[in-house]
Amino acid sequence: MFDDLNSVMRRVSWLGALLVSVIALVASVVGYFLAGTSGIFAAWAGSAAAFLFTVLTILSVLFGARLKIGGLLAMVLGGWLIKMVLFLVIFSYLNRAEWLVSEARPIVFFTVVAAVIGGLVLDTWVVSRARLSPEVKLP
Amino acid sequence: MQIIHLAAEAATQVSQISGNLGVIGYGLAAIGPGIGVGLVVSKTIESIARQPELASRLQVTMWLGIAFTEALALIGLATPFIFTA
């Protein structure tokens, strides 16, 4: 049984959600000890942002694969553009949020970095284990 | 003489420029991954055009390439949380 694009992406999404939940849990404990309640919210905001980033990439590739080659380009590159704008809005809101005390600010950054790097390790692991086959159509 | 005068005038104008340096930071954080993602997608399309039967496999590889490249952009956008003025 070979894997296709859909099954690989589904596995990455589930494992990614699990990884982000674990990171959010660990980061909220660390955040609570460093910055109190604000640290917990900072950890949640950081992990939610990183998860959204990963999921939007997966969705753009999955929907783009159903379209013709121009559609793939539009979905992947357009998705990237939308993601950047979305993140500017989210991070500029968080930058000015009054509930985010100054001690809690590094927690947002380190949660995002941990979730992104952990996600990359996970992606590479899933893809290297997947049994991908060329779609050869036999006569 | 006039050049010195112009240079002095330009120096006064430069000292009057104000704003947030984070804007330049965002530009620098977006330019590299922007070029990178464009290269990954263009090469994938080229490969699919050459060998359409490998499309599924190439798309998985493309997505992995994009994930690695855009991680830089996300980390770049999050830096204001540690680099405070």
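Fair warning: this is a prediction, and the values are worked out from it, not measured in the lab. Here is the naming used below: chain letters follow the sequence lines, and residue numbers restart at 1 for every chain.
Closest non-hydrogen pair, A:W80 versus B:P33, comes out as CZ2-CB, 3.7 Å. The two residues B:A71 and A:V116 have their closest heavy-atom pair at CB-CG1, 3.4 Å. Nearest approach of B:A73 to A:M84, heavy atoms of both residues: CB-CE, 3.6 Å.
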Practice problem: Evaluate the side chain to side chain contact (heavy atoms under 4.5 Å, CB included) criterion for residues B:F68 and A:D123: first the C-alpha distance (whole Å), next the side-chain angles of each, then the deciding distance (0.1 Å), finally the verdict. | Solution: CA-CA 9 Å; B:F68 270 90; A:D123 297 348; 5.7 Å; no
Self-check item: Criterion side chain to side chain contact (heavy atoms under 4.5 Å, CB included) on B:F81 and A:L94, from CA distance to verdict
Solution: CA-CA 9 Å; B:F81 290 101; A:L94 281 179; 3.5 Å; yes
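A:V127 and B:L54 end up in the same hydrophobic cluster when Ile, Leu, Val, Met, Phe, Trp and Tyr side chains are linked at under 4.5 Å. Hydrophobic clustering (side-chain heavy atoms under 4.5 Å, transitive across Ile, Leu, Val, Met, Phe, Trp, Tyr) keeps A:V22 apart from A:L15. Cluster membership check: A:L59 does not share its hydrophobic cluster with A:V8, using side-chain heavy-atom separations under 4.5 Å among Ile, Leu, Val, Met, Phe, Trp and Tyr. Cluster annotation: A:L122 is not connected to A:V20 through the hydrophobic network of ILVMFWY side chains, with a link wherever side-chain heavy atoms come within less than 4.5 Å. There is a path of hydrophobic side-chain contacts, each under 4.5 Å, that joins A:L88 to A:L56.
Other residues, nucleotides and ligands place more than 12 heavy atoms under 6.0 Å from the CG atom of A:L67. Residue A:F109 places its CZ atom among more than 12 non-hydrogen atoms of other residues, nucleotides or ligands, all under 6.0 Å distant. Enclosure of atom CH2 in A:W99 by more than 12 non-hydrogen atoms of other residues, nucleotides or ligands within 6.0 angstrom is indicated.
Remark: of the listed residues A:V76, A:V12, A:L62, A:V12 is the sole one forming a side chain to side chain contact (heavy atoms under 4.5 Å, CB included) with B:W63.
Counting heavy-atom pairs under 4.5 Å between each of A:N95, A:V113, A:L100 and chain B puts A:N95 at the top. When each of A:V61, A:L120, A:V108 is scored by its heavy-atom pairs under 4.5 Å with chain B, the top score falls to A:L120. In terms of non-hydrogen atom pairs under 4.5 Å with chain B, the most contact-rich of A:V112, A:T54, A:T57 is A:T57. With chain A as partner, the option from B:L74, B:I75, B:L58 having the largest number of non-hydrogen pairs under 4.5 angstrom is B:L74.
For B:I45, the parts lying under 4.5 angstrom from a heavy atom of chain A are both the backbone and the side chain. For a residue to count as touching a neighbouring chain, one of its non-hydrogen atoms must lie under 4.5 Å from one of that chain's; by this rule B:V60 touches chain A with backbone and side chain alike. Neither the backbone nor the side chain of A:V126 comes within contact range of chain B; no heavy atom of the residue lies under 4.5 Å from a heavy atom of that chain. Residue A:T124 touches chain B through both its backbone and its side chain, counting heavy-atom pairs closer than 4.5 Å. Neither the backbone nor the side chain of B:S42 comes within less than 4.5 Å of any heavy atom of chain A. Of the atoms belonging to A:L77, it is side-chain heavy atoms, and not backbone ones, that fall under 4.5 Å from chain B.
Between the CG atom in B:L77 and the CZ atom in A:F91 there is a gap of 6.5 Å [rounded to 0.5 Å]. To the nearest 0.5 angstrom, A:I58 atom CD1 is 12.0 Å from B:I66 atom CD1.
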